[in-house]
Amino acid sequence: MGKMTLKKFNLKCIFVLKLMLFYGVLQAHDLNGLILDESNIPLQSVSVYNKTTGAYTYTNVSGYFELDDLSVNDIIYFSSLGYEKHELVINETHLDSTVNIELKISSASLDQVIIVSKVNALSNFVNVDLKTSPVKSSQEILRKVPGLIIGQHAGGGKAEQIFLRGFDIDHGTDISIDVDGMPVNMVSHAHGQGYADMHFIIPETIDNLDFGKGTYYANKGNFNTAGYIDIQTKKSIDKNMMSLEAGQFNALRALSMIKIVDETNSNAYIASEMVLSDGVFESPQNFNRLNIMGRYNYNNYKDQELNLTVSHFQSKWDASGQIPERAVSQGVIGRFGAIDDTEGGNTSRTNLWMNHNKQLDEHSSIKSSAYISKYDFELFSNFTFFLEDPINGDQIQQKEDRTIMGAKTDFEHSFHLKDHGEQLKYNLGVGFRYDDVNDVQLSRTLNRQTILERLAFGNVDELNGFAYAHLTYKKDKWTFNPGLRLDYFSFDYENLLTTTYDNKSEDKFLLSPKLNIIYAASPKTQLFVKTGLGYHSNDSRVVTANSGKKVLPTAFGADLGTIMKPIDRLVINASLWSLFLQQEFVYVGDAGIVEPSGKTARYGVDLGLRYQITDGLFFNTDINYAHARSTEEPKGQDYIPLALDLTSSGGLSFRDLGKFSGGFNYRYIKDRPANEDNSIVAEGYFITDLNVNFNHKNWTLGIVIENLFDSEWNETQFATESRLLNEVDATEEIHFTPGSPFFFRGKLSVIF
């Protein structure tokens, strides 16, 4: 080798050596370890957050965490709702080392929740609302979501009517709802697309509420346009509980939650609920609902966790239905009277579901879920009274017998990056859902017994297969979260009204991209931009009747907003949003017809505030505005019926005030158009509720008051054309279900 060549070689070696040494000096250090409770049990899903860099991670099934990009004097927070926040200041002994952190149990508090760069970060703060002011009925579960309003128009038997972001979502058409990974929404339902009956959930079993507004989440599919809600139930219970409630209108509720297995790695409990009521109406509602749920949890605190759950729900009721304003104003009936008091129905749902979490190594995990449900539904309604049949009346029956099954697997892998300020993680998921709906029908009936005419009768088979991928890349203060979802649908409908075999089918693929960008301006402030395409499927009867046109109407959404935590116990959120929908075909289950609707545009503002005034006093309020219009109709004729424009909800809750706890809550809706030209108006309302509990040792004595000030309000309202008996002409006006008057009930419970 020549002298010049040797010299160049030596220089290169020296350069590489210096570069390696320089990189070794600059390379980031890491910290790993276990997080345990006071009983030395590993804690899962604990947030590990580097306040200095904004990097974060969560503990896995074994309580293990690994946090990269550490330097001396970095401040690390370990936090989980229900535990005291732990702070660790990094010194040289912590670099590239292993630590064990013990978290102490504490009452839920806002300072336990940290702003992290996640697309659904607001859920963590709303769960403080859930912990400090638990829901008192299944209807209240949805009210915990900021800006979401519900209404009941069958006295507790039917699924609630839902309103969110300028949508009259009906019973679930534009919001995706899951429980422990099992879908609640029903596709191609006898009463309406997306029908989401949550009454099989026992409120006391709820542990956490995860939600997101808009179309921005790759792992969420059908009905995720206005948003999604995931409910997680408790894996275990600390103590047994029995409770009894009784109140006005012959209301009675009994609850029990009993541990049946309580071991280090395994536990199980059974929860049951019975609800009886005659309701506020002049005709007794004869309402009854029975719930039972059993859950088994196994965790080896090493690399896997398994949850098995089984539940059964059944309900039966009579209803007074929606009544016309003129019948009340003319004195034909009272405000709580009925035109047809033979309305009502019955329904049941039996579920078996499984969730399994396997930690493959420190950086990889795989989560799987599967479910099967048996569902029955029968509903009798009369919306138009004697408009169609002046002799027998217009009562209709909607009925179906359904089996649902499905599964999903999600693989997650995070990369161990040594570059300063970087984190990288990706998720890949696949799954399916299959609905086998037999004898789905719409019939004209008399007194719930005689079928006068079948308007629709058939069998539905609907399959949705899907795959998705999303990436989370964090660089310094920026987090990028692109995602892509692929859905395949197969729609099949067999018409049983024809004398010859009549079966039609269609299929469709849909690709939905998503992109979320988060900027952590400081440890106390997060700014975000969210965009994405979403969809809701149409009823199989619509798809096959229209030869596959507009099978999966697309929605495009965008959010621009912030979450701020100026002090430890104050959280403020704000966002500007928009949502555009393509033309869609809607199956009107009440009439058995296909009804097209045009393109729509919605814009709005969400504002929220959560403030922990003292250790035991919490205040929260949300104000939401939406402007919703049809884009293909002339101005003045472009209102979207029943779309809410201004709503607000919130309350003041307290705990450990001596031996007392409780809360005061309100909800407000402004007047809104009930038809396309705003000539018929649905009246708004302002309603307040109160609950107070006295706690002594293991006993709790409480009172619950709905509509504290006995306001007169209409819970649900529709612009409907109807004709009463002996009326010559039909009239279109507001038909309403009256909201509950002052409603008092007492409660006695014991834990042991």
Side-chain angles (χ1 to χ4, degrees), residues 167 169-176 183 185-196 215 220-226 375 377 398-406 431-442 454-467 485-498 500-512 533-556 580-600 632:
F167 279 89
I169 296 177
D170 195 26
H171 299 289
T173 308
D174 287 285
I175 188 166
S176 171
N185 303 77
M186 299 290 180
V187 297
S188 304
H189 189 268
H191 184 65
Q193 179 71 334
Y195 189 87
T215 57
K220 304 300 175 187
N222 203 2
F223 307 117
N224 175 215
T225 50
Y375 173 80
F377 175 86
Q398 295 163 315
K399 188 176 182 180
E400 66 169 59
D401 178 7
R402 177 187 301 251
T403 301
I404 316 165
M405 62 184 69
F432 78 94
R433 169 180 173 167
Y434 172 66
D435 285 71
D436 177 21
V437 194
N438 294 313
D439 298 332
V440 57
Q441 59 185 288
L442 171 66
R454 289 194 192 276
L455 302 176
F457 185 42
N459 297 325
V460 170
D461 286 272
E462 187 168 323
L463 173 66
N464 172 211
F466 57 85
R485 182 181 179 91
L486 176 65
D487 282 277
Y488 166 76
F489 275 85
S490 174
F491 303 89
D492 186 280
Y493 180 61
E494 179 185 1
N495 187 356
L496 299 179
L497 288 180
T498 58
T500 59
Y501 180 69
D502 181 9
N503 191 91
K504 296 179 180 179
S505 62
E506 300 285 344
D507 55 21
K508 181 73 173 180
F509 283 94
L510 182 68
L511 200 61
S512 304
L533 297 182
Y535 73 95
H536 71 246
S537 69
N538 271 318
D539 191 295
S540 288
R541 293 160 289 184
V542 174
V543 173
T544 55
N546 289 276
S547 302
K549 295 178 182 178
K550 301 296 182 184
V551 176
L552 304 171
T554 301
F556 171 71
F580 303 91
L581 266 71
Q582 286 183 332
Q583 183 183 22
E584 58 198 69
F585 289 92
V586 179
Y587 182 83
V588 183
D590 300 329
I593 61 172
V594 175
E595 182 180 275
S597 65
K599 296 178 181 179
T600 59
E632 297 179 329

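- Residues N222 and N464 bring no donor and acceptor atom of their side chains to less than 3.5 Å of each other.
- Partners of Y488 according to the ring pair (Phe, Tyr, Trp, His ring centres under 6.0 Å) rule, which considers only residues two or more places apart in sequence or in another chain, are F509.
- Scanning both residues, R433 and P183, for their nearest heavy atoms gives NH1-CB, 3.5 Å.
- By the 6.0 Å and 45° rule, R402 does not stack over the aromatic ring of F377.
- Here the closest heavy-atom approach between residue G458 and residue L496 is recorded as CA-CG, 3.7 Å.
- The CD atom of E400 lies 10.0 Å from the CD atom of Q441; values are rounded to the nearest 0.5 Å.
- Contact of the L510 side chain with the T554 side chain is registered, since non-hydrogen atoms from C-beta on lie closer than 4.5 Å.
- In terms of modelled atom types and a separation under 3.5 Å, the side chain of T544 and the main chain of S505 share no donor-acceptor contact.
- No donor-acceptor pair under 3.5 Å is formed between the side chain of D502 and the backbone N or O of T498.
- Within the 4.5 Å cutoff, the side chain of K504 has no heavy atoms near those of the Y493 side chain.
- For the residue pair D170 / Y195, no side-chain donor-acceptor distance below 3.5 Å is found, with atom types taken as modelled.
- Between atom OG of residue S490 and atom OH of residue Y434 there is a gap of 9.0 Å, rounded to the nearest 0.5 Å.
- Heavy-atom minimum distance, A226 versus I169: CB-CD1, 4.1 Å.
- Proximity of S537 to K508: side-chain heavy atoms (C-beta onward) are nowhere separated by under 4.5 Å.
- L463 is not listed as a side-chain neighbour of D435, based on a closest heavy-atom distance of 4.5 Å or more.
- Interatomic distance, CG of N224 versus NE2 of H536, reported as 12.5 Å (0.5 Å rounding).
- Looking at heavy atoms from C-beta onward, D401 lies out of side-chain contact with V437 at the 4.5 angstrom threshold.
- Contact detail for M186 and I404: the closest heavy-atom pair is SD-CD1, 3.4 Å.
- A heavy-atom distance below 4.5 Å is found between the side chains of P553 and N538.
- With a 4.5 Å cut-off on side-chain heavy atoms, V543 and R541 do not count as touching.
- N438 contributes atom CG, which lies 7.0 Å from atom OG1 of T403 (distance to the nearest 0.5 angstrom).
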Intermediate values then yes/no, side chain to side chain contact (heavy atoms under 4.5 Å, CB included), L497 and R454 | CA-CA 8 Å; L497 288 180; R454 289 194 192 276; 3.8 Å; yes
Walk me through it: do T225 and D174 pass the test side-chain hydrogen bond (donor to acceptor under 3.5 Å, both in side chains)?
-> CA-CA 5 Å; T225 50; D174 287 285; 2.6 Å; yes
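- Of all heavy-atom pairs spanning T215 and G534, the tightest one is CB-N, 3.7 Å.
- The distance from atom NZ of K399 to atom CG of D439, rounded to the nearest 0.5 Å, is 8.0 Å.
- Annotation for S540 and S188: closest pair N-OG, 2.9 Å, computed over non-hydrogen atoms.
- Side chains of N495 and N503: a donor-acceptor N/O pair is absent below 3.5 angstrom, by distance only.
- Contacts of F489 classified as ring pair (Phe, Tyr, Trp, His ring centres under 6.0 Å), with partners at least two apart in sequence or in another chain: F491, Y535.
- A 4.5 Å side-chain heavy-atom check between L533 and R485 finds every atom pair outside the cut-off.
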